[in-house]
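Here the structure is laid out as structure tokens; the discussion comes afterwards.
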Amino acid sequence: MEAQVDVVAQAPYILTLKMDEASQAHFDRLRVEHYPAELNRIAAHLTLFHQLPQSAEVNSSVASAAAAMQAFAMKVMGVRSLGRGVAFGMESAELMTLHRRLSGEFTEYLSAQDRQKFWPHVVVQNKTSGDRARELKRRLEAEFRPFAVQAVGLQLWRYLGGPWEFAEEFPFGHSTS
């Protein structure tokens with residue numbers, strides 16, 4: 001039991017953007033339908049940072065950033081190929097500003113992946129064949145119309161080597177004191 005506690009305590013944080021319930025349900029349905037079932041361990045999500053340390057400083061920065069924000073709309077702009085999967089690309093000036101702010105605060109912690117250009121997206125299929133991914137992209141593009149998603153908060157998750165464990169949620173516009 002003690003080893004399990006150590007693994008969880010040392011697990012890196014993943015920071016995601018919380019979406020409104022209807023949008024979350026929409027992307028979750030697509031993910032359940034198209035992601036390989038044996039690999040689909042987590043809900044649909046928009047990742048801001050893939051690897052942050054569990055620390056009071058990280059929690060404080062995330063809480064402060066969320067408290068300073070109000071819910072905002074993101075535009076879902078299209079379907080993008082991941083090679084062996086498909087994602088929906090998002091656009092939002094507020095999201096980019098939030099990401100820049102947190103990147104500045106987390107500079108010393110950022111992994112190589114998190115130092116790359118930020119491309120906000122929600123994955124609905126991955127780790128499948130290129131043919132299946134191309135076919136899904138064609139189908140989704142044929143019926144795609146841009147739509148809006150509400151960003152309503154931030155969520156921290158512990159990465160446990162595959163599955164994620166929910167750690168904490170920070171709704172936008174709520175004071176931490």
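All values below were derived from every heavy atom in this structure, side-chain atoms included, with hydrogens, water molecules and symmetry-related copies excluded.
When only modelled atom types and interatomic distance are considered, N59 and Y13 share a side-chain donor-acceptor pair under 3.5 Å. Residues N126 and R84 have side chains that never bring a donor and an acceptor to within less than 3.5 angstrom of each other.
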Audit row: D20, Q24, side chain to side chain donor-acceptor pair (under 3.5 Å) steps and yes/no: CA-CA 6 Å; D20 66 277; Q24 183 68 52; over 6 Å; no
Test log, rule side chain to side chain contact (heavy atoms under 4.5 Å, CB included), inputs Q150 and F72: CA-CA 6 Å; Q150 283 293 116; F72 59 88; 5.8 Å; no
Residue pair E94, S92: steps toward the side chain to side chain donor-acceptor pair (under 3.5 Å) verdict: CA-CA 5 Å; E94 294 92 338; S92 165; 3.2 Å; yes
Trace of the side chain to side chain contact (heavy atoms under 4.5 Å, CB included) decision for K18 with L46: CA-CA 8 Å; K18 181 176 172 136; L46 191 158; over 6 Å; no
Verdict with reasoning, V76 to F144, per side chain to side chain contact (heavy atoms under 4.5 Å, CB included): CA-CA 10 Å; V76 182; F144 181 79; 3.9 Å; yes
E165 vs Y159, side chain to side chain donor-acceptor pair (under 3.5 Å): CA-CA, chis, key distance, verdict: CA-CA 7 Å; E165 178 183 82; Y159 178 68; over 6 Å; no
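Under the 4.5 Å side-chain heavy-atom criterion for grouping Ile, Leu, Val, Met, Phe, Trp and Tyr, F170 is not connected to V152 through any hydrophobic cluster. Cluster annotation: V123 and I14 are assigned to distinct hydrophobic clusters (Ile/Leu/Val/Met/Phe/Trp/Tyr, side-chain heavy-atom contacts under 4.5 Å, transitive). M77 and V79 fall into different hydrophobic clusters, defined by Ile, Leu, Val, Met, Phe, Trp and Tyr side-chain heavy atoms under 4.5 Å apart, directly or through other members.
Between K117 atom NZ and H99 atom NE2 the span is 12.0 Å, to the nearest 0.5 Å. Rounding to the nearest 0.5 angstrom, the gap separating the CG atom in N40 from the NE2 atom in H34 is 11.5 Å.
Side-chain contact check for E135 versus S129: every heavy-atom pair is 4.5 Å or farther apart. At least one side-chain heavy atom of M74 sits less than 4.5 Å from a side-chain heavy atom of L17. Residues L15 and Q155 have side chains not in contact (no heavy-atom distance under 4.5 Å, counting atoms from C-beta outward). Between V32 and R29 the shortest side-chain heavy-atom distance does not fall below 4.5 Å. Here the side chains of Y35 and I42 are not in contact, with every heavy-atom distance at 4.5 Å or above. At a threshold of 4.5 Å between non-hydrogen side-chain atoms, the residues V86 and L30 do not count as touching. Counting heavy atoms from C-beta outward, L154 and F172 have side chains that approach closer than 4.5 Å.
Contact record, A133 with G85: CB-N, 3.4 Å, taken as the closest heavy-atom pair. Counting all heavy atoms, side chain and backbone alike, V122 lies closest to A44 at CG1-CB, 3.9 Å.
Around atom CD of E21, no more than 12 heavy atoms belonging to other residues, nucleotides or ligands sit under 6.0 Å away.
Between F147 and F88, the angle of the ring planes goes over 60°, which puts this pair in the perpendicular group of the 30/60° scheme.
The main-chain N or O of G104 is found under 3.5 Å from a side-chain atom of T107 such that the two form a donor-acceptor pair. A side-chain donor-acceptor contact under 3.5 Å links S61 to the backbone of E57. A side-chain donor-acceptor contact under 3.5 Å links T97 to the backbone of A93.
When ring centroids are compared, F106 and F49 come within the 6.0 Å threshold. Aromatic ring centres of W157 and H45: separated by at least 6.0 Å.
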